[in-house]
Structures are given as structure tokens and as C-alpha cells.
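Contents: one structure, followed by commentary.
Each chain gets a letter, A, B and so on, in the order the sequences are listed, and its residues count up from 1.
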There are 2 protein chains.
Amino acid sequence: MNSPNLNPIKQLIDKIALHDPISSEDRVSLYELPYSSRQFEAGTYLLRDGEIKNDCAILVSGIAYRHKVSAEGLRQIVSICIPGEVINLQQLYLDEADNNVQALTECQISFISHVELRRLVTQRPSIARAFFATTLVELSMSREWMLSIGRRDARARVAHLLCEIALRLNNNGVPDGISYELPMTQDQLGDALGLTAVHINRTFKGLVRDGLIARSRYSITIPSWERLVQAAGFNSRYLNLKG
Amino acid sequence: MNSPNLNPIKQLIDKIALHDPISSEDRVSLYELPYSSRQFEAGTYLLRDGEIKNDCAILVSGIAYRHKVSAEGLRQIVSICIPGEVINLQQLYLDEADNNVQALTECQISFISHVELRRLVTQRPSIARAFFATTLVELSMSREWMLSIGRRDARARVAHLLCEIALRLNNNGVPDGISYELPMTQDQLGDALGLTAVHINRTFKGLVRDGLIARSRYSITIPSWERLVQAAGFNSRYLNLKG
DNA sequence: CGGAATGTTGAACCGTTTCAAACGGAGTGG
DNA sequence: CCACTCCGTTTGAAACGGTTCAACATTCCG
């Protein structure tokens, strides 16, 4: 999981190629980018609201979450970051970050100079295009997230989040009986779904009672993908996965 | 408002230049793009969920809203589109639309061939960059919207929406006493904010009672920007407006 | 003028929150 | 290896913000 020799560029390429093809020529030029890596322990801020331009940060291993806090101090988690994603793409062109990214587990981050990346993206339109496509998918995911928070009840919201993460971790499809680690406290889940930790707890219990999921510690098991999808009203189209 | 001689390319340029500068050279090449225009009446779908690649559609005049509907048939409005925006940027690189855009007022739409635009964007990195920046701002807006829906109460949600639109319509700042048209029914406002039409009504009444806004028909007046911002917990940073 | 769509209001209801207390499990120090 | 502590989970009861339903008022538009 935290194997130190994960190649960040490969992660990045795999990720962006998921939504837009990248020629082998472009791959090579991406491979030429210099980078440096660093480990961050769970809980660390990987990006802070208000932060000014910085190097481009790729999440190589681990899971993180992006959040904002309201004037009243309430937190809303707006997305989950998984390996291969650029955490601060926004800062590639906009000045100031307006959100935070925090490590959920230990995270390996690799840094590429923004200047370098901007240069590459300028010289190679198809790489620019791939990053653009990735960003469009992120936008699409955030719209679905809005639909969840605004219009689904607690049960469907939780189920939907579980579906989304399961599929993002297994792009080719989620087989029945699969399990995965979702290292989020119920407090964090609440902040992600616009609910209370207490209500997350009750909702989880309901899902377990009805056999839609099984749980132990941070591990989620999905006995029947079909049934969970049904309960969530989940339609994977918005993830724009190929195939 | 619906003046037929609005130049769509100028609108487009003004819009993307709002977040990223565009050189005069690039402006010229944008001006060379061929386009055709058409009027759509209020209520028309400008983009449909499931629609396959199409020409790039610029909203030249009028207001529209983007929405998704859940498996249970509930609608969530995820953004308000104002003039100068490309409605279906997503389709520039992704295949299938996963959301709908519907005209709120009569709308003038101009079409540019996606092929042309892709070609231009390939040849002129700084234009690509400007579109990228615009998309990043859209992403940023959607994150703020999530924060609203997930964590603000009804009053702050409504106030926040009113602030956002006021500022997007007046990029240089909102003077006290300003009014603007928000041609949305309370049903639509409810769907935008994850509330019921009924509750929108009561919340509006509350804001009026407390002198935070005045209303008549679809016209909103803001006596004190300061106070409305306060009630909304509004911080304009996420809009990434220059200056 | 008439009908449809939108806005307004009240009362009952309900999904979720709040508060508070107890529980469990992992890590720490004695 | 136990006791202690901390943090997150679990549970119950009461409260609340927002919903639902239903009736009525208003505005719009043909």
C-alpha cells in the first residue's frame, strides 16, 4: 500500500488516461518530468485554504479528502481523493486555494514544478486535453455529489457514496462480495454527506441490518452490488469511465 | 436584454478573460471562429442528459440552469448559467452529457463547431488555458454550492445564492440598493438549494421581514450588501474574480 | 374573462439533529 | 499485563428545521 517505489508519473498517467487516451509519445514527455516525493501521515493538511501557488502535488498512495468550512465553522467534505489525482490542479491557473485537502491515511505525495507542468501542457495540447478531461470528470462528480446532498435521503446518500468509492477503486466493475477500506470516521462521513455522525451511525446500522453491506472497523463489504446500486439510485455514467 | 446583435465571441472572451488574461492575438483568432445563433424560449432544454457530442453552445443572453434528476425523480439544480458561458464544455472532451440545461428566460445561444474549437485550443495553448481556468472556477463554484446545501441552514442558503448571483452579474462589486432579476420560481429555487418551494417561500418572507432583501415579482433588491453577506456567510473568494 | 401556474398560509408530521450517557477498542505507561 | 485514557461508536429521548398536504390567493397569459 505504501510501497515507496510507486511511480507518481505512472499513477498520474493511468488516472488521466482513464478519461482520455494519451499517446505513447506524450507518455514519454510526461516521464521526463522531474519530481520529488514525500510521505505525510494521516491527518496532515496537504493543501490549505488560502495557500498561494505551489508545486503540483500528485497523490501517489493513500486517501485524502477535500473540504471547505463555512463561516459558522461547519465543515463540508466535497470530494475524496484517490491515488493518481493531482490535488491542487486548481492552483495551476488560479492563484489562491479556496479549499483544504487533508490526508485520511498515510499519503505519499509527489511534487512536480507547476512551471514545468505548465510548460509541458503548453507544448503538448493532448496532455492539456487529458488534464482538461480529468477536470471535467471532477466537475461531473461534484454535480452528482450535489444531487446526493440536496435530494437523496440519508440511506441513499450513504449507499451512493459507498457505490462511488467502490467503483472508483475498481474501475472495471465491482464484483459481489468485494470489500474495501474506507478509513473515514463517522464524523467525516457526516461532513461528506451533509449529515450528523450520529445519523451516519444509525443509517449504517440500517444498511447492515438489511444486508446491503457488512462492516468491521473501516472495512466495507458489498454482498450484492446490484442491490446496493438499487438502494443508492446509483448510475455510474457520471464517472465517465471508459468501457 | 435580448438585443440580437450581441457578439457571442465577445461575450465568450469577456467571460474567460475574467479569470485568465487573453492576449489580443488570441482574441483575434477567437474572432475568426464561425458561428451561428438561435433564440430559445424560456423552458426549452438547451442540453439534455444523454446527449452525444454536439456543437459548442455559448449562452449569449438570458439565464439558464443546469440540473440533474435522481433515480427517484427528484431534481437538483447544480448551477445557474449566465451569459458568456459555454453550456456544454463537458462535451468538448467527454462523450455523453450527464446533466440538463434548461432556459430560465428567453435565451440566445450561439454555436461553434466543436471541431473548430478543439483545433483552435490545440493551436493556441493560452486559449486552452483560459478555458481550463474557467472550468476550474466552475468547479470551485460547485464546491461552494455543496457547502451551502450540506451545511448552511435555509436562510443562509437563500442569502448565499442571492449574493452569488448578484456578484456574478456585477463583477466589480455590488452597491447597496442594487436590484436584479432572478427569474426563478420558488419551486426552482427549492430544487437549487435542496429545499421545498414552501420553505423557500417562508425563508424569503423572513429575509424580507428582517430587511435583508426586498422583492417584487422576480426582482430582488439588496438594501445592504454588507448585511446580506453577513447573513449568508458569503466569501467571494471562490468566484476567483480579478481585482 | 377564464384557466393554469405560482405564491402564500396553516397544521400536522417526520427525518434528522442535539444532547447526553454509556460502550468499545487501540495505544500508553506503570 | 493490567489500568487508564482517548477517541470514536452506539444508543435513547427530546427537540427542531424542514416537509407534506391541503386550501386559498394572486398573477400571468391566452
Exercise. What is the minimum heavy-atom distance between A:Cys107 and A:Ile63, and which atoms define it?
Worked result: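 Closest pair (atom of A:Cys107, atom of A:Ile63, distance): SG-O, 3.5 Å.
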Whole angstroms only, please: what is the [atom1]-[atom2] distance between [X] and [N]?
X	N	atom1	atom2	result
A:His199	D:dT11	NE2	P	15 Å
A:Asp153	D:dG18	CG	P	17 Å
B:Asn201	D:dC24	CG	C1'	13 Å
B:Leu195	D:dT19	CG	P	5 Å
A:Leu189	D:dT9	CG	C1'	12 Å
B:Arg152	D:dG18	CZ	P	14 Å
A:Lys205	D:dT9	NZ	P	12 Å
A:Gln186	D:dT9	CD	P	4 Å

Problem set entry | Residue list, side chain to side chain donor-acceptor pair (under 3.5 Å) with A:Gln91, at least two apart or on another chain |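 Result, side chain to side chain donor-acceptor pair (under 3.5 Å) vs A:Gln91: A:Asn88.
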For this session: List in chain and number order the residues that pass salt bridge (charged side-chain N to carboxylate O under 4.0 Å, His left out) with A:Glu226, two or more places apart in sequence or in another chain; answer none if no residue qualifies.
Result: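 Counting only residues at least two positions away or on another chain, A:Glu226 forms no salt bridge (charged side-chain N to carboxylate O under 4.0 Å, His left out).
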For this session: For DNA chain C, note the earliest and the latest nucleotide, 5' to 3', having some atom under 4.0 Å of a heavy atom belonging to chain A.
Result: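 Contact span on the strand: C:dT16 to C:dC19.
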Exercise. Between D:dT11, D:dT27, D:dT20, which one does the side chain of B:Arg217 approach most closely?
Worked result: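 Out of D:dT11, D:dT27, D:dT20, the nucleotide with an atom closest to B:Arg217's side chain is D:dT27.
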For this session: Report the nucleotide, chosen from D:dT19, D:dA13, D:dG18, that has the shortest atom-to-atom distance to any side-chain atom of B:Ala154.
Result: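 The listed nucleotide nearest to B:Ala154's side chain is D:dG18.
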Exercise. Under a 4.0 Å N-O cut-off, is there an ion pair linking A:Lys68 with A:Asp98?
Worked result: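 A:Asp98 and A:Lys68: salt-bridged.
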Exercise. Would you call B:Glu85 and B:Arg168 a salt bridge, taking side-chain N to carboxylate O under 4.0 Å as the test?
Worked result: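 Judged by the 4.0 Å cut-off on N to carboxylate O distance, B:Glu85 and B:Arg168 do form a salt bridge.
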Problem set entry | Nearest-nucleotide 5' precedence on DNA chain D, A:Tyr218 against A:Arg151 |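 By nearest-heavy-atom nucleotide position, the 5'-most residue is A:Tyr218.
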Problem set entry | Residue whose nearest DNA chain C nucleotide is more 5′ - B:Phe204 or A:Arg155 |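 The residue whose closest nucleotide sits nearer the 5' end is B:Phe204.
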For this session: With heavy atoms under 4.0 Å as the rule, sort A:Gly194 into base, sugar-phosphate or nothing.
Result: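 The residue A:Gly194 makes sugar-phosphate contact but no base contact.
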For this session: Report yes or no: is the cationic atom of B:Arg38 (NZ for Lys, CZ for Arg) closer than 6.0 Å to the six-membered ring centre of B:Phe111, at no more than 45° off its axis?
Result: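 No, B:Arg38 and B:Phe111 do not form such a contact.
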Exercise. Between A:Gln90 and B:Arg143, do the side chains contain an N or O donor and an N or O acceptor separated by less than 3.5 Å?
Worked result: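 Yes, side-chain donor-acceptor contact under 3.5 Å.
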